[in-house]
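Here's the structure we're looking at; comments come further down.
Since we're looking at a predicted model, the values are computed, not measured.
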Amino acid sequence: MTTAYLNRIATAVPEQDVHDPFVLFAEQMLLDPRLRMVFRRMASRSGIAHRYSFLDPHQGAPNDAHEFYRLGSFPNTARRMGLFEQSAPVLMRKAVDRLELNEAERAGITHVLVTCCTGLYAPGLDFEIVEHLGLSPGVERTVIGFMGCYAAINALKLARHIVRSEPDAGVLMLNLELCTLHFQETQELEQVLSFLVFADGAAASLISARAQGLALDSFKAVMVPDTRGLITWKIGGLGFDMLLSGQVPAELGRALHGGELMAERDDIDLWAVHPGGRSVLDAVESALELPPDALAASREVLSRFGNMSSATIMFVLQRIMQDARPGQRGCAMSFGPGLTAETMRFHVV
């Protein structure tokens with residue numbers, strides 16, 4: 001059976017670092033002084049130093065965040081989607097160009113996969129990629145939408161199926177999210193805290209049968225019973241509405257502790273865990289009884305970029321690939337609605 005390989009990854013974020021401006025804005029939005037104090041304390045413990053957005057925190061800028069998010073007059077869904085259609089292709093081109101595909105690699109791309117849960121339009125990013133790279137108009141395109149943070153693992157699973165059934169296939173995968181597009185005006189502290197971790201980012205990857213990078217060995221989904229309502233993502237009149245319960249880390253920890261991954265952890269050298277937040281990483285580390293440095297790549301990505309939904313795990317895998325040694329075995333893991341953990345086992349070639 002043909003083996004599929006994740007050959008390389010390129011990542012990109014917008015230019016505007018909005019973490020500190022967001023914290024100040026969110027504090028001003030909260031009217032209850034007690035909630036402000038709790039939010040400020042949680043922000044200081046978030047493990048996040050930087051987050052990037054296509055919106056600019058400087059007044060008068062082309063994508064002026066102050067103009068877009070005006071207290072008492074937040075934008076409706078149509079306006080948000082219009083800005084997504086304008087801004088997402090810019091970030092896509094940045095990520096795809098950094099992949100530095102040579103002429104032969106471009107000619108060899110037979111499939112384009114796109115994951116996104118933060119914006120919709122058609123013809124969409126799949127068409128934008130074909131046009132930008134000058135790919136064959138007959139390239140097969142698939143959009144994996146609205147799966148949230150674990151979508152990239154599912155896309156890699158699909159890419160593996162494609163390569164195993166068509167050994168000459170070349171798969172270009174794009175994971176792109178503009179999470180800051182869906183900030184909501186609210187006095188609910190839990191909702192404001194969920195906005196505290198999210199950011200914009202994109203990753204472009206090449207998957208093929210060429211033995212380079214990471215071999216994609218196996219995939220498994222772990223669904224946590226009776227947790228369906230803990231993470232939800234629905235389209236509302238004023239953008240997409242997220243519910244991210246504070247119970248998620250504890251439920252993930254309970255699901256992982258004593259399970260198959262814990263039994264096999266001594267055979268795993270590299271851990272690429274989706275940094276959904278500091279508490280999520282703490283819960284995984286504790287549940288699997290991992291050494292303190294096991295999730296260093298995930299914590300670094302969280303600190304430098306925040307949670308970029310489906311793109312984030314690819315940032316972690318890119319970081320791991322920089323120092324990985326041939327023969328090392330790893331496990332990638334992302335979490336999302338369900339409550340579900342999507343896992344991927346891999347090894348370095």
Give me the atom names and distance for the closest heavy-atom approach of [X] to [Y].
X      : Y      : result
Gly148 : Ser309 : C-OG, 3.5 Å
Cys117 : Glu177 : N-OE1, 2.9 Å
Ala155 : Met173 : CB-SD, 3.4 Å
Ala202 : Ala95  : CB-CB, 4.0 Å
Val348 : Ala324 : CG2-CB, 3.7 Å
Cys179 : Asn307 : SG-O, 4.3 Å

Measuring from [X]:[atom1] to [Y]:[atom2], what's the distance to the nearest 0.5 Å?
X      : Y      : atom1 : atom2 : result
Ser298 : His274 : OG    : NE2   : 9.5 Å
Asn7   : Leu206 : CG    : CG    : 5.0 Å
Ser303 : Arg278 : OG    : CZ    : 12.0 Å
Arg210 : Ile207 : CZ    : CD1   : 11.0 Å
Leu55  : Asn63  : CG    : CG    : 6.0 Å
Leu174 : Cys116 : CG    : SG    : 8.5 Å

Say whether, by atom type as modelled, one donor and one acceptor occur between the side chain of [X] and the main chain of [Y] under 3.5 angstrom.
X      : Y      : answer
Arg141 : Val112 : no
Ser194 : Gln191 : yes
Arg265 : Leu288 : yes
Arg228 : Leu339 : no
Gln187 : Met29  : yes
Thr118 : Leu178 : yes
Asn76  : Arg79  : yes
Ser334 : Tyr150 : no
Ser44  : Arg41  : yes
Arg51  : Leu196 : yes

Is a side-chain donor-acceptor pair under 3.5 Å present for [Y] with [X]?
X      : Y      : result
His58  : Asp64  : no
Thr227 : Glu251 : no
Gln16  : Ser53  : no
Asp269 : His347 : no
Glu128 : Tyr121 : yes

Side-chain ion pair, [X] and [Y], N-O less than 4.0 Å:
X      : Y      : value
Glu285 : Arg299 : yes
Arg345 : Asp217 : no
Arg36  : Asp32  : no
Arg8   : Glu105 : yes

If you count the non-hydrogen atoms of other residues, nucleotides and ligands that lie under 6.0 Å from [atom1] in [X], is the total more than 12?
X      : atom1 : value
Glu15  : CD    : no
Glu131 : CD    : no
Asn102 : CG    : yes
Glu264 : CD    : yes
Glu100 : CD    : no

Between [X] and [Y], is any pair of side-chain heavy atoms under 4.5 Å apart?
X      : Y      : result
Leu193 : Glu190 : no
Ser286 : Val284 : no
Tyr52  : Thr180 : no

In this structure, would [X] and [Y] fall into the same cluster of hydrophobic residues linked by side-chain contacts under 4.5 Å?
X      : Y      : result
Leu295 : Ile320 : no
Leu113 : Phe127 : no
Phe25  : Val18  : no
Leu71  : Phe39  : yes

What do the steps show when you test Leu317 against Met344 for side chain to side chain contact (heavy atoms under 4.5 Å, CB included), and what is the final call? CA-CA 11 Å; Leu317 285 168; Met344 178 185 80; 4.2 Å; yes

Side chain to side chain contact (heavy atoms under 4.5 Å, CB included) partners of Ala209, counting only residues at least two apart: Thr2, Val163

Going through the distances and angles, do Gln184 and Tyr69 end up as a side-chain hydrogen bond (donor to acceptor under 3.5 Å, both in side chains)? CA-CA 9 Å; Gln184 302 285 337; Tyr69 290 129; over 6 Å; no

Residue pair Phe315, Phe305: steps toward the ring-ring contact (aromatic ring centres under 6.0 Å, His included) verdict: CA-CA 9 Å; Phe315 277 66; Phe305 303 105; 5.1 Å; yes

Lys220/Glu342 under salt bridge (Lys or Arg N to Asp or Glu O under 4.0 Å): CA gap, chis, key distance, verdict: CA-CA 6 Å; Lys220 185 174 183 178; Glu342 294 282 354; over 6 Å; no

Start with the C-alpha gap between Leu189 and Met42, add the side-chain angles, then the distance that decides, and say whether side chain to side chain contact (heavy atoms under 4.5 Å, CB included) holds. CA-CA 11 Å; Leu189 180 61; Met42 295 299 289; over 6 Å; no

Walk me through it: do His66 and Asp56 pass the test side-chain hydrogen bond (donor to acceptor under 3.5 Å, both in side chains)? CA-CA 8 Å; His66 296 274; Asp56 198 318; over 6 Å; no

Please determine whether side chain to side chain contact (heavy atoms under 4.5 Å, CB included) holds for the pair Val273 and Val316, giving the CA-CA distance in whole Å, both sets of side-chain angles, and the decisive distance to 0.1 Å. CA-CA 7 Å; Val273 177; Val316 179; over 6 Å; no

Test ring-ring contact (aromatic ring centres under 6.0 Å, His included), reference His182, set Trp233, Phe74, Phe68, Phe198, output is Trp233

I'd like to know whether Cys331 forms a side chain to side chain contact (heavy atoms under 4.5 Å, CB included) with Leu270, so could you lay out the CA-CA distance, the side-chain angles of the two residues, the decisive distance to 0.1 Å, and finally the verdict. CA-CA 6 Å; Cys331 177; Leu270 306 168; over 6 Å; no

Answer with yes or no after comparing the ring centroid distance for Phe146 and Phe240 against a 6.0 Å cut-off, counting only values under it. yes

